[in-house]
Amino acid sequence: MRPKIAVIRGDGIGPEVIDATLSILERIVEADFIEVRAGKRYFMETGLPIEEGGMEKLRESDALLKGPIATPTRGRTYSSVNLRIRREFDLYANIRPFKSYEGISLRRMNLVMVRENVEGLYSGEEELYEDKAITKRVITRRGARRIAEFAFRLAEDEGRSRVTAIHKKNVLKLSDGLFLEEFYRVAAMHPGIEADDYIVDAAAYRLVKVDDPFDVMLLPNLYGDILSDVAAGVVGSLGLCGSAQVGDNYAAFEPIHGTAEDIAGRGVANPIGTILAASMMLEWLGSRYGLADLAQVGRRMREAADRTVRDGILTPDLGGGATTREVAEAVLDRI
Ligand code: ATP
């Protein structure tokens with residue numbers, strides 16, 4: 001089977017890090033890459049957040065590789081492409097691995113965050129009154145249960161030993177209470193994996209304060225959004241971290257960083273996060289379609305990216321002088 005991979009290059013540094021990653025992928029995998037135009041820049045040019053027929057192109061593909069997309073802060077007519085993709089394909093699990101590099105990272109860390117991706121404060125349920133605005137924080141039993149199941153399965157598949165649920169149950173008694181209740185119910189069905197929980201503010205402190213702070217973290221949407229930037233800071237740069245948004249039938253892979261307008265167009269963005277996201281994509285495609293070779297290439301890509309960083313081939317965010325292209329070439333050499 002020859003996978004069909006949709007590609008959204010995105011805004012800001014998106015096209016730079018995506019092109020660098022494609023220059024590797026095109027050399028190591030047999031796949032069709034189908035560009036789908038979307039994002040803020042495309043919207044400014046055309047008035048459309050995503051090209052006509054773009055969602056169909058995604059539906060016909062096996063996975064999506066994407067760069068960061070900016071959301072215009074003004075103009076009510078823009079509907080977020082990110083949210084639309086998440087909802088349309090029900091990409092309920094956001095997976096973010098954080099692995100430290102000796103000599104670069106502030107602390108030793110090798111953890112995976114499993115962030116609930118479609119509920120919580122990002123429910124999209126908002127009401128505006130004359131003198132107040134309300135955003136509903138929705139946590140359903142089904143949503144809490146399936147994300148907990150996902151986290152325990154991931155721990156088992158990766159040979160990890162503990163899943164820690166992050167919450168603020170002392171204040172958000174009902175919603176985080178329900179999240180925790182489902183977590184422990186699912187934990188009881190996975191006796192081989194330890195289960196515990198941590199209050200979100202204490203978890204933020206622990207992430208920066210101690211080595212090996214967590215193994216697998218399970219987080220409601222907003223906590224996952226915020227704590228993943230904390231973890232990226234500890235690892236050394238937002239540019240070093242990749243992510244997967246996974247549903248039962250489709251998945252999207254992207255770096256965790258935003259559009260980084262401050263450095264866009266200069267050819268110095270760190271492509272490692274996007275390269276790691278692409279390696280997760282190959283592993284996911286490999287295991288979904290039983291393509292062992294593809295999964296193997298994905299692992300090699302990840303190891304080559306790690307080795308490139310350890311060999312000191314670094315972009316300016318990590319104090320180096322390499323360009324985006326040079327880092328990509330170094331990764332390809334190591335594959
Ligand atoms: P968003 O709201 O979309 O997350 P943001 O502007 O808050 O966007 P980023 O775009 O992720 O956050 O950028 C935060 C900082 O990290 C910026 O100074 C940016 O230059 C830096 N940064 C982010 N990604 C990279 C990268 N790949 N390489 C180098 N620096 C990066």
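Counting starts at 1 for both ligands and their atoms, following the listed order.
Salt bridge status for Asp62 with Lys4: absent, with no side-chain N to carboxylate O gap under 4.0 Å. Between Asp11 and Arg41 there is no salt bridge, since no side-chain nitrogen of the basic residue lies less than 4.0 Å from a carboxylate oxygen of the acidic one. A salt bridge does not link Arg206 to Asp211: none of the charged side-chain nitrogens sits closer than 4.0 Å to a carboxylate oxygen. Under the 4.0 Å criterion applied to side-chain N and carboxylate O atoms, Glu127 and Lys136 are assigned as salt-bridge partners.
The nearest protein atom to atom 25 (C) of ligand 1, hydrogens excluded, is given as Ile13 CD1, 3.9 Å; this is a heavy-atom distance. The closest protein non-hydrogen atom to atom 22 (N) of ligand 1 is Ala260 CB, 4.0 Å. The single protein non-hydrogen atom nearest to atom 20 (O) of ligand 1 is Asp262 OD1, 2.8 Å, given as residue, atom name and distance. Here the heavy atom of the protein found nearest to atom 31 (C) of ligand 1 is Ile263 CD1, 4.1 Å. Shortest contact from atom 1 (P) of ligand 1 to any protein heavy atom: Gly258 CA, 3.9 Å. In this structure, atom 16 (O) of ligand 1 lies nearest to the protein heavy atom Leu238 CD1, 3.7 Å. Looking only at heavy atoms of the protein, atom 23 (C) of ligand 1 is closest to His257 CB, 3.7 Å.
Geometric assessment of Arg115 against the ring of Tyr122 yields a positive cation-pi assignment under the 6.0 Å and 45° thresholds. In this structure, Arg310 forms no cation-pi arrangement with Tyr101, as its terminal cationic atom is not both closer than 6.0 Å to the ring centre and no more than 45° off the ring axis. Taking the centre and axis of the six-membered ring of Phe43, the NZ or CZ atom of Lys40 falls outside the cone set by 45° and 6.0 Å.
The protein does not reach atom 7 (O) of ligand 1 closely, with no heavy atom under 4.0 angstrom from it.
Checked by atom type and distance alone, the side chain of Ser105 never pairs as donor or acceptor with a backbone atom of Glu102 at under 3.5 Å.
At a heavy-atom cutoff of 4.0 Å, ligand 1 is contacted by both the backbone and the side chain of Asn270. Counting heavy atoms under 4.0 Å from ligand 1, residue Thr259 touches it through the backbone alone.
At a 3.5 angstrom cut-off on N or O pairs, Glu261 does not count as close to ligand 1.
Heavy atoms of Val17 come nearer than 4.0 angstrom to ligand 1 in no pair at all.
Put simply, CD on Glu35 and CD1 on Ile18 are 10.0 Å apart, with the number rounded to the nearest 0.5 Å.
Listed by number with element, the atoms of ligand 1 under 4.0 Å from a non-hydrogen atom of Gly239 are 26 (C), 27 (N).
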